[in-house]
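The structure presented is a predicted model; accordingly, all values stated were derived computationally and were not measured.
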Amino acid sequence: MKKTYKLALTRCTLILVAAFFIFQFCPEYIINLFGQEPDLYMEFAVKCFRVYLLACFMIGAGAVTGIFFQAIGKPVPAALLSLSRQIIFLIPAMLLFGYLWSVEGILWAGPVGDGLSGVISLITLGAFWKKIFNKEVAEK
């Protein structure tokens, strides 16, 4: 189980790190897939990609860890981690940052939600890790 979790987390993170570099260094190519738009639109879309997706590489930690807890029969941490990114962190950050900094604040809510969700997921996993796997060893 440890090996599978680590493999899933590593692969997911590698894919999201690659996506991070694409979003940061060539978002125009992705935007152009949806059509050619005026320069002002392109400038705003590029900014949206670069800011909102700044911590996208952290999404994997939350997703994989939430699924891991669900798979081992821990519904409370699984539900909390699954809800943490969009419900617990992102929406409140959008409301608060939007109020404080308008559209710019809403864009920055994305990396805050992704980052907090990823960090909380890894902290939660760390808190349960020994308990989960010491129990597994004791049952064998």
Side-chain angles (χ1 to χ4, degrees):
M1 196 176 344
K2 284 182 189 179
K3 185 178 177 182
T4 302
Y5 173 80
K6 289 177 182 179
L7 181 66
L9 182 61
T10 302
R11 294 219 173 140
C12 189
T13 302
L14 288 174
I15 291 167
L16 288 167
V17 166
F20 167 80
F21 282 107
I22 292 168
F23 298 149
Q24 295 304 310
F25 299 111
C26 46
E28 299 89 355
Y29 295 110
I30 297 169
I31 296 163
N32 283 332
L33 290 173
F34 300 97
Q36 298 292 326
E37 299 296 335
D39 290 341
L40 187 59
Y41 173 86
M42 183 61 79
E43 181 183 335
F44 181 71
V46 167
K47 181 177 185 161
C48 289
F49 263 75
R50 289 189 175 146
V51 173
Y52 192 80
L53 298 169
L54 191 59
C56 68
F57 57 89
M58 294 294 290
I59 295 170
V64 171
T65 305
I67 293 167
F68 171 76
F69 278 110
Q70 184 177 3
I72 63 169
K74 301 272 187 213
V76 174
L80 289 174
L81 293 177
S82 295
L83 294 172
S84 70
R85 180 174 170 253
Q86 293 183 336
I87 305 297
I88 297 171
F89 296 123
L90 182 62
I91 292 174
M94 283 183 155
L95 293 171
L96 177 63
F97 294 177
Y99 176 76
L100 296 174
W101 300 297
S102 188
V103 174
E104 184 83 18
I106 292 171
L107 292 178
W108 281 100
V112 168
D114 294 344
L116 286 173
S117 174
V119 168
I120 294 297
S121 295
L122 296 175
I123 289 170
T124 304
L125 180 69
F128 279 89
W129 190 262
K130 285 184 180 178
K131 190 184 303 183
I132 293 166
F133 291 107
N134 286 344
K135 180 180 173 185
E136 180 184 276
V137 170
E139 289 175 356
K140 285 186 177 181

Side chains of Phe68 and Lys74, heavy atoms from C-beta outward: is any pair under 4.5 Å? no
A side-chain contact here means heavy atoms from C-beta on lying under 4.5 Å apart; do Ile72 and Tyr5 qualify? no
A quick test of your reading: do over 12 heavy atoms of other residues, nucleotides or ligands sit less than 6.0 Å from CD of Glu43? no
Find the distance between CD1 (Ile22) and OH (Tyr29) and round it off to the nearest 0.5 Å. 11.5 Å
State the CE-CD1 distance between Met58 and Ile120, to the nearest 0.5 angstrom. 10.0 Å
Euclidean distance, Leu96 CG relative to Met94 CE, rounded to 0.5 Å: 12.5 Å
Only one of Leu83, Leu116, Val112, Asp114 passes side chain to side chain contact (heavy atoms under 4.5 Å, CB included) with Phe89, and that residue is Leu116
Side-chain heavy-atom pair Leu107, Arg50 within 4.5 angstrom cut-off: no
Gly62 and Ser121: which non-hydrogen atoms are nearest, and at how many Å? CA-OG, 3.1 Å
Could you tell me if the side chain of Cys12 sits less than 4.5 Å from the side chain of Leu16, heavy atoms only? yes
hydrophobic_cluster_shared for Trp101 and Leu95, side chain cutoff 4.5 Å: yes
Minimal non-hydrogen separation, Cys56 against Ala19, with atom names: SG-C, 4.5 Å
Considering all heavy atoms, the nearest Ala78-Gly66 contact: CB-O, 3.6 Å
Do Ile132 and Trp129 belong to the same hydrophobic cluster, where Ile, Leu, Val, Met, Phe, Trp and Tyr are linked whenever their side-chain heavy atoms lie under 4.5 Å apart, directly or via other members? yes
Are Ile87 and Phe97 linked, directly or through other ILVMFWY residues, by side chains that come within less than 4.5 angstrom of each other? yes
Heavy-atom side-chain contact between Phe23 and Ile30 under 4.5 Å: yes
Are the side chain of Ser84 and the backbone N or O of Leu81 linked by a donor-acceptor pair below 3.5 Å? yes
If every non-hydrogen atom of Ala55 is compared with every non-hydrogen atom of Pro111, which pair is closest and at what distance? CB-O, 3.6 Å
How close do Leu80 and Ile88 get, counting heavy atoms only, and between which atoms? O-CD1, 3.8 Å
Determine, using the 4.5 Å side-chain heavy-atom cutoff (strictly less than), whether Val119 and Phe57 are members of one ILVMFWY cluster. yes
Side chains of Leu125 and Phe69, heavy atoms from C-beta outward: is any pair under 4.5 Å? yes
Between Phe128 and Thr65, is any pair of side-chain heavy atoms under 4.5 Å apart? no
Could you walk me through whether Glu28 and Phe49 pass side chain to side chain contact (heavy atoms under 4.5 Å, CB included), step by step? CA-CA 9 Å; Glu28 299 89 355; Phe49 263 75; over 6 Å; no
Applying a strict under-4.5 Å side-chain criterion to I, L, V, M, F, W and Y, I'd like to know whether Val46 and Tyr41 cluster together. yes
Can you tell me how far CD1 of Ile106 sits from CG of Leu100, rounded to the nearest 0.5 angstrom? 11.0 Å
Enter the distance from Lys47:NZ to Glu104:CD here, rounded to the nearest 0.5 Å. 3.5 Å
Can you tell me how far OG1 of Thr10 sits from CD1 of Ile15, rounded to the nearest 0.5 angstrom? 11.0 Å
Exceeds 12 heavy-atom contacts within 6.0 angstrom, atom CG of Leu40: no
